[in-house]
Amino acid sequence: MSVQQVDVAIIGAGSAGMAAYRGALAHTASVLVIEAGPYGTTCARVGCMPSKLLVAAADAAFAVEQAAIFGVHAGPVRIDGRRVMQRLHQERDRFVGFVSDAIDHWPAEHRLVGQARFIGPHTLQVQSADGQTTRVEAGRIVIATGSRPHLPPQWRAALGDRLIVNDDVFAWQDLPASVAVAGAGALALELAQALHRLGVRVRLYGRSARIGPLTDPGLQALTRRLIGADLPMQLDAGELQVRRDGDEVIVRTGQGPQADEQRFDCLLAATGRTPNLQSLDLAASGLPLDAKGVPLFNRQTGQIGDSAVFIAGDVDHALEVLHEAADEGRIAGDNAGRFPDIRTHPRRAPMSVVFCHPQIMMAGQSHGQLLAAGTAFAVGEVSFEDQGRSRVMAVNQGCLRVYGEQGTGRLLGAEMIGPAAEHLAHLLAWSVQRGDSVQQMLDSPFYHPVIEEGLRTALRQLQHALHLGPPPVARSLDCGPGG
Ligand SMILES: Cc1cc2nc3c(=O)[nH]c(=O)nc-3n(C[C@H](O)[C@H](O)[C@H](O)COP(=O)(O)OP(=O)(O)OC[C@H]3O[C@@H](n4cnc5c(N)ncnc54)[C@H](O)[C@@H]3O)c2cc1C
C-alpha cells in the first residue's frame, strides 16, 4: 500500500469536485482529486447535456407537426432513431471531451483513480479497479461524490436488464419501440415526453397525483392537464407491480376490475436519486449525520459540523441542479483550502427549470415554502392563453404565478408552466436575489410584442393584490395588444 499526504483531498471529479479543486488550488498546491468512475461529470455524460440533446430532437419533431397550424406543411414526420442517438452521442462526447481535456491538464500528482472510503477522520483508503490500494492522509477533505438513480431492489430482481436508468437511455444506439417510465419528477417528465415525441410508445406512471416540481395547487392541476393532453400517463398509480415475460416488461396497476396491464420493451426508473454516501464508510469519519445518514452541514460554508470535512453537490441532497453543485464545490474547495479561516458565502436565489413542453420553472421561494414559513404574501398571475406573442407563436398555453411580500412589496418567488419559462426564470430569480420590489420590476422596460409582457400583467395584478397599485386594466392596450 502506498501513502500520500496532502493538504486537501477531494472525493469525486464531477462538477462539484472540479469546482472544489479550483477553489482549493487558490490556497495550496497540495490538492488531490480522487475519482472512482470515468471522468467527464454526470452533467455532460449522462445528465443535463444528453437529456437536453434528446429534448432538442423531440422539439424538432414537434415543431414539424405543429407547422401545419401556420399553413406550413412539411409532410409526415419520420424519426430516424439511429440518427437521433448518433447526434446525441456526437454532441455529448464533445462536451465530455472538454471536461476530460481540462482534467488532463491537471498535474498528474493531483489525480488519483479509485474508490475512496474513510478509515479515520483525516484518512481515506482508495482502491483502484486493478487492486492498488493507497492511503491518503489529508488535512481537509471535500466529499463531492454526487448521486445515483434510486432503484427499488424488487424491480431489479424482477426485470434484470429490462430495468433501465437515464445512463442506459443515453447509451442506446437506436430508439426502442416502447418504454414505461416510473416517476413524475423533472427527469421523468423530460425523458418521457421527449421519447413520446420521438415516436416511442411511452406511458408515465406516477405514484401519487403530483406531477413535476410545482407546489402551487392551481399550477399542479394545470400541469396535469397540459402534460397529460400530450403524454400518455397514469398518475396516482400507487406501487407498480412489475414482472418480466421474455424480452418484455409487464407493468400492472390497480386491483380487481380496475387492474390494468401494459407491456413495454423496458421500464425506465426515474423515481428519484440517492446520495453516493454508502461507499464512503462515514461511520469511520466521526462526522455528524442526520436521520438519513447525510452529513449535517452549513449551506454557506459547506462545512460538516465543526470538522475539517466539507460537502458539495448532489451528495448533500439539498439542491440537485448543476449551478448549485458548482457553487457548493467552489465554496467547499475555498474553505477546505483556507481552513481553519473559513468564510461564509452568500447563496444565490433558488432557480430550477424542467425542459418539458410547456416548460416548468420555479424562482425564489416556492408557494409551498411561503405557506410553510407563514409568510404574509399575495399572488398575481397571468394565463398565457390570450397573451399576444404567445398566440403569435402558437405557444399560448400555461400560467405564471408571482408571489410578493405584504407590507414591503418585494418579489419573493414565482412558479410557472408555460412558454419561455427558462428565460423568465432568470429574470425572476435575478429580481428575487436583488430584492427588487414589484414596483421596481414594473418600472423596467418591456418591449412589444414579447412573452415578458405576460410577466408585466402578472406583476400588475400582484401590485394590486399587495394594495400597492390600482386594479389592472382589463385587456390593456397601453403597449398594443398582448399585455
Ligand atoms: C438525466 C439528468 C438530467 C439533468 N438535467 C439537469 C439540468 O437540465 N439542469 C441542471 O441544473 N441539472 C440537471 N441535472 C442535475 C445535475 O446533473 C447534477 O446536479 C450535477 O451533475 C451534480 O454534480 P456533482 O458533482 O454533485 O455529481 P457528479 O457529477 O455525479 O460527480 C460525482 C463523482 O463522484 C464520483 N464518486 C462517487 N463515489 C466515489 C467514491 N467513493 N470515491 C471516488 N469517487 C467517487 C463519481 O464517480 C462521480 O464522478 C440532471 C441530472 C440528470 C441525472
Side-chain angles (χ1 to χ4, degrees), residues 9-21 32-56 92 95-96 99-100 103 111-118 124-129 134 136 141-150 164-170 181 183 185-192 194 213 268-270 272-282 285 302 311-330 332-333 350-356 359-362 422 425:
I10 297 164
I11 315 173
S15 304
M18 291 179 70
Y21 173 69
L32 182 69
V33 181
I34 306 158
E35 172 55 56
Y39 286 126
T41 74
T42 290
C43 167
R45 284 190 315 102
V46 290
C48 324
M49 301 314 277
S51 58
K52 262 75 279 172
L53 283 159
L54 199 70
V55 168
R92 186 270 310 269
F95 296 126
V96 171
V99 179
S100 310
I103 293 177
R111 290 177 266 158
L112 181 61
V113 173
Q115 178 101 16
R117 68 181 176 89
F118 280 86
L124 302 170
Q125 183 155 305
V126 182
Q127 191 79 40
S128 72
T134 309
V136 176
I141 295 171
V142 177
I143 299 173
T145 48
S147 62
R148 63 182 185 285
H150 165 73
I164 61 166
V165 296
N166 53 291
D167 303 32
D168 303 303
V169 170
F170 307 132
V181 176
L187 303 190
L189 283 185
E190 288 183 3
L191 295 180
L268 169 60
R273 293 180 67 86
T274 307
N276 284 328
L277 288 166
Q278 221 170 5
S279 64
L280 289 173
D281 217 347
L282 287 180
S285 69
I311 190 164
D314 279 12
V315 65
D316 66 28
H317 216 33
L319 299 159
E320 291 175 310
V321 289
L322 188 278
H323 69 281
E324 296 284 359
D327 276 356
E328 289 177 1
R330 187 175 44 78
M351 176 175 66
S352 61
V353 176
V354 185
F355 294 85
C356 54
Q359 290 184 340
I360 292 173
M361 74 85 190
M362 300 170 83
E422 66 178 282

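We use all heavy atoms of the structure for the numbers below, so side chains are in, but hydrogens, waters and symmetry mates are not. What you see is a predicted model; the values in this text were computed from it and never measured. Start at 1 and go down the list; that is how both ligands and their atoms are numbered.
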**Message:** Quick check: do Tyr39 and Val113 have side-chain heavy atoms less than 4.5 Å from each other?
**Reply:** yes
**Residue pair Leu187 / Arg273, side-chain heavy-atom distance below 4.5 Å** = yes
Is [X] reaching over with its side chain to a backbone N or O of [Y], donor-acceptor style, under 3.5 angstrom?
X: Arg117; Y: Gln125; result: no
X: Glu328; Y: Gly313; result: yes
X: Glu324; Y: Leu319; result: no
X: Gln127; Y: Gln115; result: no
X: Asn166; Y: Val46; result: yes

N/O of [X] under 3.5 Å from N/O of ligand 1, yes or no?
X: Thr42; result: yes
X: Gly17; result: no
X: His323; result: no
X: Ala116; result: yes
X: Ala36; result: yes
X: Arg273; result: no
X: Glu35; result: yes

Which one holds for [X] and ligand 1: side chain close, backbone close, both close, or neither close, with close meaning a heavy atom under 4.0 Å?
X: Ala144; result: backbone
X: Lys52; result: side chain
X: Val46; result: backbone
X: Ile11; result: side chain

Taking [atom] as the reference point, the nearest protein heavy atom with its distance:
atom: atom 16 (C) of ligand 1; value: Cys48 SG, 3.8 Å
atom: atom 11 (O) of ligand 1; value: Leu322 N, 2.8 Å
atom: atom 31 (O) of ligand 1; value: Gly14 CA, 3.2 Å
atom: atom 26 (O) of ligand 1; value: Asp314 N, 2.9 Å

**Asked** For ligand 1, which atoms have a heavy atom of Phe355 less than 4.0 angstrom away?
**Response**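 What qualifies from ligand 1 is 8 (O).
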**For Gly114, atoms of ligand 1 separated by under 4.0 Å from a heavy atom** =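 So the atoms of ligand 1 that pass are 42 (N), 43 (C).
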**Prompt:** Going by heavy atoms, is Glu190 under 4.0 Å from ligand 1?
**Reply:**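 Contact check Glu190 vs ligand 1: negative.
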**Prompt:** With a 4.0 Å cut-off on heavy atoms, is Ser352 touching ligand 1?
**Reply:** no
**Item:** CD/Gln278: more than 12 non-hydrogen atoms of other groups inside 6.0 Å
**Value:** no
**Asked** Hey, which of Asn276, Thr274, Asp167 is the one that makes side chain to side chain donor-acceptor pair (under 3.5 Å) with Arg148?
**Response**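 In the set Asn276, Thr274, Asp167, the residue that makes a side chain to side chain donor-acceptor pair (under 3.5 Å) with Arg148 is Asn276.
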**Request:** Report the C-alpha distance between Leu191 and Phe170 in whole Å, list the side-chain angles of each, state the deciding distance to 0.1 Å, and finish with yes or no for side chain to side chain contact (heavy atoms under 4.5 Å, CB included).
**Result:** CA-CA 10 Å; Leu191 295 180; Phe170 307 132; 3.9 Å; yes
**Prompt:** To the nearest 0.5 Å, how far apart are OG in Ser285 and CD1 in Ile143?
**Reply:** 6.5 Å
